[in-house]
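Okay, structure first, notes after.
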Amino acid sequence: MPDWFDMTTVTHYRHYTHTLITVLCSVFNCFRFEGPPPVLEGRLAVNTRLQRGRRLFAGQLKGPESFTADQNGNVYTGTVDGKLWRITNETLTFVTQMGQNLPECGTSTDYEPVCGRPHGLRLDRHGQLIVADSYLGLFKVDPWTGEKTLLYSSKEGADGIPFGFLNGLEISKNGTVFFTDSSSRWGRRHVRYEVLETNHLGRLLSYDPESGRVRTLLDSLYMPNGFAFSTDEDFLLLAETSVGRISRFWLKGPKAGTKEIVLNNMVGYPDNIRVSDRGTFLVGINTVRFRGRLLPPFLDLLGPYPALKRFVARIIPLRWYDALLPSYGLLLELGPDGELLDSLHDPTGTLTWAISDVFQQGELYYLGSTDLPFLAVLEQWS
């Protein structure tokens, strides 16, 4: 070690680095977590309960991201190739193609803007599928004939800003469609850039099917993703994925129209939120923060360095990011105030990882993903 490299030099270097970070954060958009990820103990303790399931349709379904079901038990989902599917007793039936049905669909994310990419989908009171296509807009789809109608184009957007990345979707009891636009900067195929840059360019919106009007309910959100209504719809819980937190947006009562954080500095990055038969909230964790293959946790390390994040986003190919992220499956069960009730783990990715959705259908739990080439089904919770 050189003579000049002593502890005084190290101390000065650390002080300089801290000062530089502070200055950069005052100029650039800079998000820092409150601290290290939560310790894996208590209700977060590592277990293998998420391995109690099986994989279906391996090689047939890639990225079944979100789910809904009709009164007869038919389950519907959308995949990376822009297709909608119906699942009946483990039989797979094609419903429709959201965009153009090209041979290249599903081979590369470059084709997604043309082929379409269905994300959030729910059935309305008339039995029609309402689908948020990440690129194309809001659609109504007949689940049996496959006939689709564009309800609202992403190009129209809201408040003069086109939709860049439609994502989560729910339908309230009065028929209003709520949905999220995760970013006005990056589309679905560049989602890793959105997470890296930690922009707050997302919105929560509503669509009135009677008037065709779209209204912005919340803006300046950090990659708003999935959300779920409370039982009486007085509030909804919303995942802000890129900053690892869940917020509550009040729809009724004295706090109506306000937002508050109910769970922060999460163990991972939340995706969709669904309500269980127990009335609890089930949260799929897309990427965990507590372990990595090279420099864990990767995104935490980049968080305080806004300039570095933008540099990394420009030079590293998207496919390389997977090497930095662990194949660890995790889902959380939360109460209405964001309190942790339970967690299910798959530490080795034996059944699945990168969970986008946790949809309960009877005794089964359908586990979504954005890119994995199979559908994972959890057969036992307890």
Side-chain angles (χ1 to χ4, degrees), residues 38 40-54 56 64-77 87 120-123 125 168-173 178 225-241 245-253 260-264 266-286 288 329-346 351-352 355-369 375-382:
L40 298 181
E41 60 185 17
R43 291 175 178 173
L44 262 183
V46 176
N47 57 67
T48 58
R49 292 164 59 198
L50 195 53
Q51 296 179 351
R52 301 171 182 172
R54 56 204 168 101
L56 303 177
E65 207 272 345
S66 185
F67 308 94
T68 193
D70 61 27
Q71 59 185 4
N72 296 317
N74 298 297
V75 176
Y76 299 88
T77 190
I87 302 169
L121 72 165
R122 300 290 184 269
L123 285 158
R125 64 181 71 177
L169 183 145
E170 290 286 352
I171 303 176
S172 67
K173 295 174 183 176
F178 289 68
N225 202 324
F227 58 95
F229 296 116
S230 62
T231 304
D232 56 3
E233 296 188 353
D234 58 340
F235 67 85
L236 59 81
L237 292 187
L238 169 70
E240 291 187 78
T241 299
R245 76 185 181 199
I246 292 177
S247 299
R248 175 164 52 193
F249 179 60
W250 289 95
L251 301 169
K252 300 176 183 176
E260 59 192 10
I261 297 171
V262 296
L263 185 58
N264 208 0
M266 292 179 67
V267 68
Y269 298 86
D271 203 310
N272 283 312
I273 304 176
R274 305 300 293 266
V275 177
S276 72
D277 288 352
R278 302 178 293 279
T280 58
F281 295 89
L282 306 180
V283 184
I285 299 299
N286 194 283
V288 294
L330 177 64
L331 66 86
L332 307 178
E333 182 176 26
L334 306 179
D337 294 318
E339 66 273 25
L340 179 64
L341 303 176
D342 202 355
S343 67
L344 276 66
H345 300 240
D346 184 351
L351 175 63
T352 193
I355 298 173
S356 65
D357 200 13
V358 186
F359 175 63
Q360 184 178 5
Q361 178 69 358
E363 298 299 318
L364 302 178
Y365 296 82
Y366 290 79
L367 307 178
S369 70
L375 168 60
V377 179
L378 181 68
E379 297 177 316
Q380 182 181 359
W381 181 274
S382 61

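- Partners of Phe281 according to the ring pair (Phe, Tyr, Trp, His ring centres under 6.0 Å) rule, which considers only residues two or more places apart in sequence or in another chain, do not exist here.
- Rounding to the nearest 0.5 Å gives a distance of 11.5 Å between CD of Gln380 and CG of Leu364.
- Annotation: Arg278, atom CZ; neighbour count of heavy atoms from other residues, nucleotides and ligands within 6.0 Å is above 12.
- Of the charged side-chain nitrogens involved, none lies within less than 4.0 Å of a carboxylate oxygen, so that Glu233 and Lys252 do not count as a salt-bridged pair.
- Here the rule is side-chain contact (heavy atoms from CB on, under 4.5 Å) with Leu340, and of Leu44, Val267, Val283 only Leu44 fits it.
- Using a 4.5 Å heavy-atom threshold, the side chains of Val358 and Leu344 count as separate.
- A donor-acceptor pair under 3.5 Å is formed between the side chain of Asn47 and the backbone N or O of Ala45.
- The ring pair (Phe, Tyr, Trp, His ring centres under 6.0 Å) check on Phe67 picks up Tyr366, with sequence neighbours excluded.
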side-chain contact (heavy atoms from CB on, under 4.5 Å) between Val262 and Phe235, intermediate numbers included
CA-CA 12 Å; Val262 296; Phe235 67 85; over 6 Å; no
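- Residues passing the side chain to side chain donor-acceptor pair (under 3.5 Å) test with Asn72, sequence neighbours excluded: none.
- Residues satisfying the side chain to side chain donor-acceptor pair (under 3.5 Å) criterion with Arg49, sequence neighbours excluded, are Asp342.
- Closest approach of Gly53 to Leu351, counting heavy atoms only: C-CD1, 3.7 Å.
- The minimum heavy-atom distance linking Pro336 with Arg248 is given by the pair O-NH1, 3.1 Å.
- Expressed to the nearest 0.5 Å, how far CD1 of Ile273 lies from CG of Leu332 amounts to 10.0 Å.
- The one candidate from Asp357, Asn225, Asp271 that meets the side-chain hydrogen bond (donor to acceptor under 3.5 Å, both in side chains) condition with Asn286 is Asp271.
- Note on residues 67-77: no pairs pass salt bridge (Lys or Arg N to Asp or Glu O under 4.0 Å), not counting sequence neighbours.
- Pro270 approaches Arg245 most closely through the heavy-atom pair CG-O, 3.8 Å.
- Of the residues Asn74, Leu123, Leu169, the one that meets the side-chain contact (heavy atoms from CB on, under 4.5 Å) test with Thr68 is Leu123.
- The two residues Leu367 and Leu50 have their closest heavy-atom pair at CD1-CD1, 3.8 Å.
- Note that OG1 of Thr280 is 13.0 Å distant from CZ of Arg274, once rounded to the nearest 0.5 Å.
- A heavy-atom distance below 4.5 Å is not found between the side chains of Leu236 and Glu170.
- In this structure Phe229 satisfies the ring pair (Phe, Tyr, Trp, His ring centres under 6.0 Å) test together with Phe178, sequence neighbours excluded.
- Scanning both residues, Thr352 and Ala376, for their nearest heavy atoms gives CB-CB, 3.7 Å.
- Pairing each heavy atom of Pro64 with each of Ser356, the nearest pair is O-OG, 4.3 Å.
- In this structure, Gln360 contributes its side chain and Asp277 its backbone to a donor-acceptor pair below 3.5 Å.
- One distance of note links CD1 of Ile246 with OG1 of Thr241; it measures 9.0 Å at 0.5 Å rounding.
- Between atom OG1 of residue Thr77 and atom CD1 of residue Ile87 there is a gap of 6.0 Å, rounded to the nearest 0.5 Å.
- Rounded to the nearest 0.5 Å, atoms CZ (Arg52) and CG (Asp346) are 11.5 Å apart.
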